[in-house]
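So the structure is just underneath, and the comments pick up after that.
Values reported hereafter were calculated over all heavy atoms of this structure, with side chains retained and with hydrogens, waters and symmetry mates removed. Since this is a predicted model, take the numbers as computed values, not measurements. Lettering of chains follows the sequences in order, A, B, ..., and the numbering in each one begins at 1.
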Amino acid sequence: MAFVVCGCGRNGESTRAAGPVDVVFWNGFTGPDGTTMERIVRSFNHDHPNIRVKMQIIPWATYYDKLTLGLAYGGAPDVFILHVNRFPEYAYYNSLNCTDDLVAKGGLDANDFVQVAWKAGLWHGKRYAVPLDCHPIGLYYNVDLFKKAGIVDQNGNALPPVNLAEFLQDAKKLTKDTNGDGRPDQWGFAFTWLRTNSYTFLGQFGTGLLDKDFRRADINSSQAKKAMGLMADLVTKYKVCPSPEGQDAWMGFQTGKVAMAMEGVYMLASLEDQKGLNFAGAVCPMFGKKHAVWAGSHLMVMPRSITSEKRKAAWEFITYLSDHSIEWAKGGQVPVRKSILDSAEFKKLPVQYQFSKELPYVVYEPPVVPYNQIVPFADAAFEAVLMHVKPANDALDECARRVDKVMNRQ
Amino acid sequence: MKKRNSNLTAAMFLLPYGILFTVFVLIPVFYGFFVSLHKWHILSTAPQFVGLTNYRDILSDDLFRVAFLRTAYFVVMTAPLGNMLSLLLAVGLMQDFKGTPVYKVAFYMPVVMTVSVVAVMWRWLYSTEFGMLNYYLGCFAHFGHAVVPGLVSAQSAHIPWLSNPGTAMPAIALMSIWWGAGGNMLIYLAGLKAVPRELLEAAEVDGAGPLQRFWAVTWPMLRPTTLFCMVMSVISASQVFGQTYMLTGGGPYYSTLTVVLYMYQQGFGLYQLGYASAVAYVLFVAVFMFTLLQFKLLAVKR
């Protein structure tokens with residue numbers, strides 16, 4: 001079959017001795033993060049005259065389609081970024097390059113990595129990926145609104161909530177109808193991305209989309225229903241959060257109409273650009289019985305078929321990115337190198353440093369091969385529960401049934 | 001000799017199209033059926049032959065059923081209403097008012113736009129907070145308040161057209177009707193021009209009013225045109241994809257999930273090529289059967 005043959009078409013071109021080795025690097029960093037990455041790539045190219053990294057930024061919306069076609073039928077890049085939740089699928093279908101030998105040769109010290117992120121690059125005990133970062137969501141809050149509502153510590157600094165009781169109390173104070181039309185126009189809290197917010201609530205109630213062994217759906221367990229019920233209550237019972245229906249919650253936070261939102265550290269740049277917004281970051285409050293917070297990671301990987309010359313150069317680039325992830329962190333990321341996390345330079349980054357305190361209890365999305373098939377069911381269920389399209393129990397049961405059907409087929 | 005020569009000429013003229021048709025339509029169609037018999041992840045190097053398993057899975061797939069019913073709902077909304085609008089516009093243009101060509105161009109304009117342009121435009125029209133539609137509804141605040149209490153304030157209405165499962169599909173249908181009406185309008189216009197004048201004049205002499213003339217003469221004479229337009233509308237509406245892909249992505253809660261969108265999601269995004277191909281084949285069979293039925297019901301009896 002055609003695609004079996006195509007994958008190794010580029011193997012023959014290793015004879016060129018002179019000139020730098022070209023390494024094609026794909027990612028989806030279309031925002032300010034792309035500018036940061038471009039800067040790092042430029043300095044790498046400057047330091048390595050024998051290697052030339054050519055970066056191509058493809059919007060995430062079409063990134064995986066293009067990447068997958070490239071891996072299946074030829075034309076794949078030499079280094080590319082995978083989100084941690086997509087990793088098992090590509091590893092399972094044997095599309096990635098095993099880097100155990102390269103790690104063994106040194107260059108990267110496994111002990112210097114945050115373990116949860118380091119382990120995420122393993123598939124059946126073999127290493128296929130190196131984590132570049134770990135990006136949890138955290139609590140962004142509007143300092144001015146907090147001060148105006150009198151939510152401050154003894155020094156007069158805005159005081160973010162740490163548990164459910166404080167959160168509800170603060171959120172009520174921050175929800176206001178300022179123009180007297182009977183509808184609040186300033187909200188204490190708003191849901192931005194339902195998936196990350198829901199995973200955080202679920203994790204704090206000791207559950208998730210799947211059970212602990214990642215075999216069956218747990219989204220309709222009593223704990224999960226409690227977690228989702230609490231989220232829905234923020235809208236209907238406590239009335240401190242607008243219905244996600246037809247709202248752009250993040251724009252609301254940017255423009256000071258929403259006092260708190262839980263978003264990824266990667267959204268930082270979109271706040272720094274906002275004039276007149278006085279904000280800060282804190283760890284997510286504990287809504288349930290334990291600490292937990294959704295996180296993702298960008299993994300650096302190489303395709304299975306790659307010439308040894310390019311493989312060496314690509315690995316050089318991967319280790320460079322990891323070693324210099326403080327630069328990456330400055331653009332709105334949390335690095336996963338302990339030495340960088342402990343550095344004074346990192347601790348000077350206020351929001352990144354606050355969010356990095358969540359690293360001990362971050363929760364990744366379940367590492368299962370058909371994750372991409374089951375997560376749309378979860379997204380639909382979260383939407384249904386919070387927009388009251390369907391009774392929460394029915395939506396979660398339906399989601400669980402669909403998830404189990406896919407999981408059983410594996 | 002001459003006969004053979006002209007046959008050859010005809011063949012040569014047909015050849016370019018024939019080659020393109022074979023390479024880009026015929027072969028993929030049959031290859032698609034072959035793919036549909038496999039469990040075929042795009043990255044798997046050895047797709048597994050599973051026979052008709054994919055088809056059996058589709059029949060027990062409740063999301064496919066949802067997609068099928070939502071597509072039917074869309075077809076029922078757009079095909080009849082769209083054709084009525086096209087016919088109405090065509091009849092209006094037949095009256096030869098001053099400036100008819102300008103109207104003709106204006107009504108036809110949406111047809112030449114791509115779906116992405118149309119979708120971006122209508123997303124703004126439908127926007128809950130800043131949309132033109134809600135703004136004008138808000139202008140009729142008193143009237144609006146009586147219809148949907150609580151949703152309409154003095155400045156603007158707050159109807160979440162695209163994020164409410166009840167209104168999303170009708171909103172997309174309305175957009176699609178606007179987008180496509182001009183195309184059938186031209187065909188109806190041609191059909192109307194083909195209605196013999198003397199028949200209409202004879203009816204007029206016999207004392208028939210404009211409505212009677214339309215129902216007794218024009219409408220029956222238009223029957224082949226109507227059949228053609230209906231069949232084509234149903235086929236294209238059954239394949240609705242761009243509108244829902246661009247505007248709602250199938251949501252909220254599957255309310256705008258259509259069969260082709262479902263196929264696309266299975267094939268790209270989930271990379272289940274076998275299953276996606278099987279979905280395509282099921283849709284093909286369904287549309288084919290329905291088209292046959294339409295021919296049976298609407299065709300001119302000879």
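- For B/T53, no part lies near chain A; criterion is any non-hydrogen pair under 4.5 Å.
- The side chain to side chain contact (heavy atoms under 4.5 Å, CB included) test applied to A/I57 returns A/N27, A/T30, A/E38, A/M55, not counting sequence neighbours.
- With hydrogens and angles left out, the side-chain atoms of A/D78 and A/W26 include no donor and acceptor closer than 3.5 Å.
- Between the side chains of A/Y371 and A/E365, at least one donor-acceptor pair of N or O atoms lies under 3.5 Å.
- Side-chain contact annotation: A/W250 with A/S270, donor-acceptor N/O pair under 3.5 Å present.
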Worksheet entry | Derivation of the ring-ring contact (aromatic ring centres under 6.0 Å, His included) call for A/F189 and A/F191 | CA-CA 7 Å; A/F189 179 75; A/F191 290 116; 5.3 Å; yes

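- Separation of the B/F34 and B/H38 ring centroids falls under the 6.0 Å cut-off.
- Donor-acceptor pairing under 3.5 Å is lacking for the side chains of A/T178 and A/Q186.
- For the residue pair B/S36 / B/N54, no side-chain donor-acceptor distance below 3.5 Å is found, with atom types taken as modelled.
- Residues of residues 259-274 of chain B lying under 4.5 angstrom from chain A, judged on non-hydrogen atoms, are B/Y264, B/F268, B/G269, B/L270, B/Y271, B/Q272, B/L273 by number.
- Of the atoms belonging to A/S95, it is side-chain heavy atoms, and not backbone ones, that fall under 4.5 Å from chain B.
- Environment of CZ in B/F288: sparse, with no more than 12 heavy atoms of neighbouring residues, nucleotides or ligands closer than 6.0 Å.
- The salt bridge (Lys or Arg N to Asp or Glu O under 4.0 Å) test applied to B/D57 returns no partner, not counting sequence neighbours.
- For a heavy-atom cut-off of 4.5 Å, chain A lies close to no residue in residues 69-77 of chain B.
- Ranking A/E383, A/E398, A/R402 against chain B, the residue ahead of the rest is A/R402, based on heavy-atom pairs under 4.5 Å.
- Residue B/L37 holds its CG atom at 6.5 Å from CG of B/L52, rounded to the nearest 0.5 Å.
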